[in-house]
Amino acid sequence: MAKPNKDRRAVVEQMRREQERAEKKRTLAIIAGAVAVGLLIVGFAAYPLIVNDRQANALAGKELTALGVSADAARCTDVKVDKATGNSDHRPEGSKLSYPDSPPATGPHYPIPAPISRKYYTSKDRPPLGYLVHNLEHGYNILWYDDTVAKDDKQLAVVKAISDKFSGSTLEDKFIAAPWTSDDGDPFPGGAHVALTHWSMGGTNGNPKGQHGITQYCAQPSGDAVATFVKDYPYTDSPEPGAS
């Protein structure tokens with residue numbers, strides 16, 4: 001009479017072991033699936049970073065004039081020359097400043113410029129315009145790029161690569177690339193998406209003598225255009241060239 005009970009226990013034990021094996025298989029399958037999904041997520045997240053790194057490395061090996069498109073292809077305008085305002089007109093930090101041009105090349109500004117060590121800004125970390133206009137007074141050339149460029153990874157990589165060409169901290173490296181947003185003022189005219197500005201003392205390059213704001217607009221980032229602009233308007237052609 002005891003044998004049937006033993007048989008039933010054996011059957012129950014076998015069923016229990018089979019259920020445990022099935023549970024383990026399901027658990028392993030779930031873990032494997034989670035790992036696969038995790039790898040896909042990491043891969044998708046890392047892919048843009050890898051592509052951006054490759055783009056940056058490729059651009060880093062090029063000369064300034066070879067970055068982006070040519071000045072002609074970028075449809076750069078002739079330089080615009082406007083009489084300067086705001087020389088030594090220092091306003092309290094945080095005070096509201098307005099400028100008639102998009103972007104400003106001269107004007108009132110805050111007492112402190114942005115540091116020479118920073119060459120490239122995004123909309124997340126760019127200082128207010130009042131600081132950057134002070135940089136212009138010190139002889140900086142500023143490349144302003146709008147939201148169209150900011151949303152284009154390839155064009156933005158060119159802007160960053162251009163700024164990297166001025167990565168030193170000497171007076172000759174007075175260059176900044178900074179975003180121009182809708183909060184700053186009107187869009188650039190004529191469908192331009194890039195602007196170059198300089199605060200000039202005048203009397204050179206055919207410009208009238210006296211302080212003037214120099215502006216050039218382009219449809220795309222162009223190292224070729226930047227190279228010509230910084231050559232024509234060096235830091236020495238400014239109200240305060242010796243200040244950093």
Side-chain angles (χ1 to χ4, degrees), residues 64 71 74-93 95-116 118-119 121 126-146 162-163 166 169-180 184-190 192-218 222-244:
L64 175 59
R75 303 194 301 280
C76 294
T77 65
D78 293 336
V79 296
K80 181 169 73 78
V81 182
D82 296 309
K83 191 171 180 60
T85 62
N87 183 213
S88 298
D89 184 0
H90 295 165
R91 305 290 179 88
E93 290 182 79
S95 61
K96 186 175 181 180
L97 300 176
S98 61
Y99 301 97
D101 297 316
S102 300
T106 67
H109 46 276
Y110 295 151
I112 303 171
I116 194 171
R118 286 295 302 271
K119 308 297 182 180
Y121 292 97
R126 196 209 74 187
L129 294 180
Y131 296 103
L132 295 177
V133 173
H134 198 151
N135 287 90
L136 288 167
E137 189 182 40
H138 287 185
Y140 282 71
N141 289 302
I142 298 182
L143 183 158
W144 307 86
Y145 61 95
D146 72 2
I162 290 173
S163 70
F166 303 89
S169 295
T170 65
L171 296 180
E172 289 80 5
D173 296 313
K174 287 184 175 182
F175 183 91
I176 289 174
W180 179 261
D184 297 318
D186 293 333
F188 299 151
H193 301 293
V194 174
L196 300 170
T197 57
H198 181 82
W199 192 327
S200 172
M201 288 300 291
T204 60
N205 302 311
N207 296 321
K209 191 172 182 179
Q211 293 189 31
H212 287 80
I214 309 298
T215 307
Q216 184 177 36
Y217 295 101
C218 301
S222 168
D224 182 26
V226 170
T228 299
F229 194 86
V230 299
K231 181 181 178 181
D232 289 346
Y233 305 102
Y235 79 94
T236 51
D237 173 37
S238 67
E240 301 177 27
S244 60

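When the shell of 6.0 Å around CZ of Arg118 is examined, it contains more than 12 heavy atoms from other residues, nucleotides or ligands.
Proximity of Pro103 to Phe188: side-chain heavy atoms (C-beta onward) are separated by under 4.5 Å at one or more points. Looking at heavy atoms from C-beta onward, Lys174 lies out of side-chain contact with Asn135 at the 4.5 angstrom threshold. Between Tyr217 and Cys76 there is no side-chain heavy-atom pair separated by less than 4.5 Å. Contact check for Leu129 versus Asp184: side-chain heavy atoms found under the 4.5 Å cut-off. Considering only heavy atoms from C-beta on, Asp101 comes within 4.5 Å of Asp82 through its side chain. Here the side chains of Leu196 and Thr215 are not in contact, with every heavy-atom distance at 4.5 Å or above. Here the side chains of Glu137 and Ser88 are in contact, with some heavy-atom distance below 4.5 Å. Counting only heavy atoms from C-beta outward, the side chains of Phe166 and Ile176 never approach each other to under 4.5 Å.
Arg75 contributes no side-chain N or O that, together with a main-chain N or O of Cys218, makes up a donor-acceptor pair within less than 3.5 Å. The closest donor-acceptor contact from the side chain of Tyr235 to the backbone of Gly242 lies at 3.5 Å or more, if one exists at all. The main-chain N or O of Tyr110 is found under 3.5 Å from a side-chain atom of His134 such that the two form a donor-acceptor pair.
For Trp180, there are no side-chain hydrogen bond (donor to acceptor under 3.5 Å, both in side chains) partners two or more places apart in sequence or in a different chain.
Ser244 approaches His138 most closely through the heavy-atom pair C-ND1, 3.7 Å. Nearest heavy atoms, Tyr145 versus Ala177: CE2-C, 4.3 Å. Nearest heavy-atom pair, Asp237 versus Ser200, reported as atom, atom and distance to 0.1 Å: OD2-OG, 2.7 Å. Residues Pro239 and Asn87 come closest through the heavy atom pair CB-ND2, 3.7 Å. The two residues His212 and Gly210 have their closest heavy-atom pair at ND1-O, 2.8 Å. Closest approach of Asn141 and Phe229 over heavy atoms only: OD1-CE2, 3.3 Å.
A salt bridge is defined here as a Lys NZ or Arg NE, NH1 or NH2 lying under 4.0 Å from an Asp or Glu carboxylate O, and Lys80 with Asp78 fails to meet this definition.
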Would you check, one step at a time, whether the test side chain to side chain contact (heavy atoms under 4.5 Å, CB included) holds for Val194 with Trp144? CA-CA 6 Å; Val194 174; Trp144 307 86; over 6 Å; no

Run the numbers on Val79 and Tyr233 for side chain to side chain contact (heavy atoms under 4.5 Å, CB included), then give the verdict. CA-CA 11 Å; Val79 296; Tyr233 305 102; 3.6 Å; yes

Determine whether Glu240 and Trp199 satisfy the following criterion, side chain to side chain contact (heavy atoms under 4.5 Å, CB included), listing intermediate values before the conclusion. CA-CA 10 Å; Glu240 301 177 27; Trp199 192 327; over 6 Å; no

Take Thr106 and Leu136 through the side chain to side chain contact (heavy atoms under 4.5 Å, CB included) test and state the conclusion after the steps. CA-CA 7 Å; Thr106 67; Leu136 288 167; over 6 Å; no

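In the model, Ser102 has no side-chain atom that pairs as donor or acceptor with a side-chain atom of Asp186 under 3.5 Å.
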